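Throughout, residue positions are numbered sequentially from 1 according to the sequence presented. Each ligand, and each atom within it, is numbered from 1 in the order the structure gives. Since this is a predicted model, take the numbers as computed values, not measurements.
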Amino acid sequence: MLVRRQTFLPFASPALTEEEVCAVINTLRSCWITTGPQTKSFEQQFATFLGAESALALNSCTAGLHLALITLGIGPGDEVITTPMTFAASANVIEHVGARVVLADVEPDTLLIDPLAVADSITDRTKAILPVHYAGHPAEMYPILDLAAAHKLFVIEDAAHALPASYCGETVGTIGDLTSFSFYATKNLTTAEGGMLTGRSELIEKARTYSLHGMSRDAWRRYGENGSWYYEVVVPGFKYNLTDIQAAMGLVQLARLQKMQLRRQQVVARYHEAFSNMPELEVPTERPYCSSAWHLYVLRLNTDRLRIQRNQFIEEMKLRCIGTSVHFIPIHLHPYYRDKYGWMPLDFPIAYQEYQRLVSLPLHPALTEEDVDYVIDAVQDIVEQYRC
Ligand SMILES: *Cc1c(COP(=O)(O)O)cnc(C)c1O
């Protein structure tokens with residue numbers, strides 16, 4: 001019998017320490033609070049950490065994806081291929097630039113965009129492939145890069161989940177043309193809100209101009225002691241810069257990232273050990289030549305062996321004071337996309353069918369061994385209660 005816990009165990013919770021608090025307070029006291037020296041340092045250390053040529057700090061991953069499309073000149077009349085198994089932002093940015101969203105279904109084991117489906121979706125109008133490293137596991141990048149080379153397409157990676165991850169020894173953030181990371185509150189590294197775009201210096205500098213009103217020089221260079229009042233607007237840019245308050249948090253988080261990742265891996269190992277021999281459950285996979293960032297632990301229910309479906313499983317977890325989530329409601333089911341493109345649920349059958357049986361368990365560095373034990377016991381308790 002499971003002894004129900006008294007306090008709710010949240011699905012996600014940021015792993016912050018006194019160090020982040022001090023870094024933010026010191027920045028507030030430094031007289032420079034918006035984009036400046038902390039941001040510059042965060043960009044440099046982030047690029048070094050990944051081995052990327054260049055990095056641009058932004059106020060979100062969504063901003064990074066949007067700027068990537070703009071920087072690569074993608075717009076009306078163009079098509080961009082992405083996955084249905086993602087957060088709305090990956091598709092919304094394609095709409096923002098006036099291009100068309102083309103979806104390619106996912107592989108059944110990893111739930112990552114299937115290169116064969118991508119190949120089938122390429123037309124004369126295709127300009128880019130936008131893979132999402134779902135749950136932190138890198139997409140099949142070599143086949144995707146081969147398709148891109150053969151058809152002269154750009155590769156823009158949504159790496160919101162994939163810090164740090166690698167594919168055949170190559171770090172995510174150094175593979176495609178441009179890669180966008182998220183520092184949203186629930187992500188592996190957080191600045192509350194924030195993002196980073198990585199890629200070749202020439203592209204990153206173009207994106208940098210677009211990220212701050214299209215001005216030829218940023219505020220730090222204008223208001224700093226060697227600054228000048230003069231600037232020129234060279235493109236109609238956006239307001240996507242990261243503040244030094246956030247970058248200060250990011251620098252502390254980056255220094256602790258490997259340690260936080262170690263804790264994620266320990267939790268994953270515990271879940272794997274507990275669930276992989278239960279026929280009612282399917283555990284997430286990691287391909288041998290890949291290293292996942294393990295942003296999410298996506299469990300799948302073998303619903304033919306259970307008397308409940310996913311939604312009730314979530315309710316049962318909630319009754320046991322555990323928060324869970326669903327990643328993701330596939331893009332083609334959302335009314336805007338469904339209606340604009342006339343998509344039916346079974347147009348992308350794998351994404352649709354797997355969506356119905358997946359549930360994300362709590363996975364973050366702040367989980368204690370007792371928390372992990374409790375999640376495992378609760379899942380086993382529900383399975384025992386409802387197995388056929
Ligand atoms: C979180 C997330 C985003 C958006 O990140 P923001 O930093 O909030 O803009 C994009 N794509 C995926 C897959 C995400 O999970």
Classify the ring geometry of [X] against [Y]: parallel below 30°, tilted from 30° to 60°, perpendicular beyond 60°.
X	Y	result
His161	Tyr134	tilted
Phe328	Phe87	tilted
Tyr297	Phe275	tilted

For the 3.5 Å polar cut-off, considering only N or O atoms, please tell me whether [X] and ligand 1 meet it.
X	answer
Lys187	yes
Ser182	yes
Asp158	yes
Phe87	no

For this session: Decide, yes or no, whether a salt bridge links Arg287 with Glu107 under the criterion of side-chain N to carboxylate O below 4.0 Å.
Result: yes

For this session: Before accepting this row, confirm whether a basic side-chain N of the pair Arg200/Glu53 lies closer than 4.0 Å to the acidic partner's carboxylate O.
Result: no

Problem set entry | Structural part of Ser60 in contact with ligand 1, heavy atom criterion under 4.0 angstrom | both

Exercise. Hey, is Thr186 touching ligand 1 through its side chain, its backbone, both or neither, going by heavy atoms under 4.0 Å?
Worked result: neither

For this session: Could you check atom 4 (C) of ligand 1 against the protein and tell me its nearest heavy-atom contact, residue, atom and distance included?
Result: Thr62 OG1, 3.6 Å

Exercise. Looking at atom 15 (O) of ligand 1, what's its closest protein heavy atom, distance included?
Worked result: His161 NE2, 2.7 Å

Exercise. Any chance the side chains of Glu170 and Tyr142 put a donor and an acceptor closer than 3.5 Å?
Worked result: yes

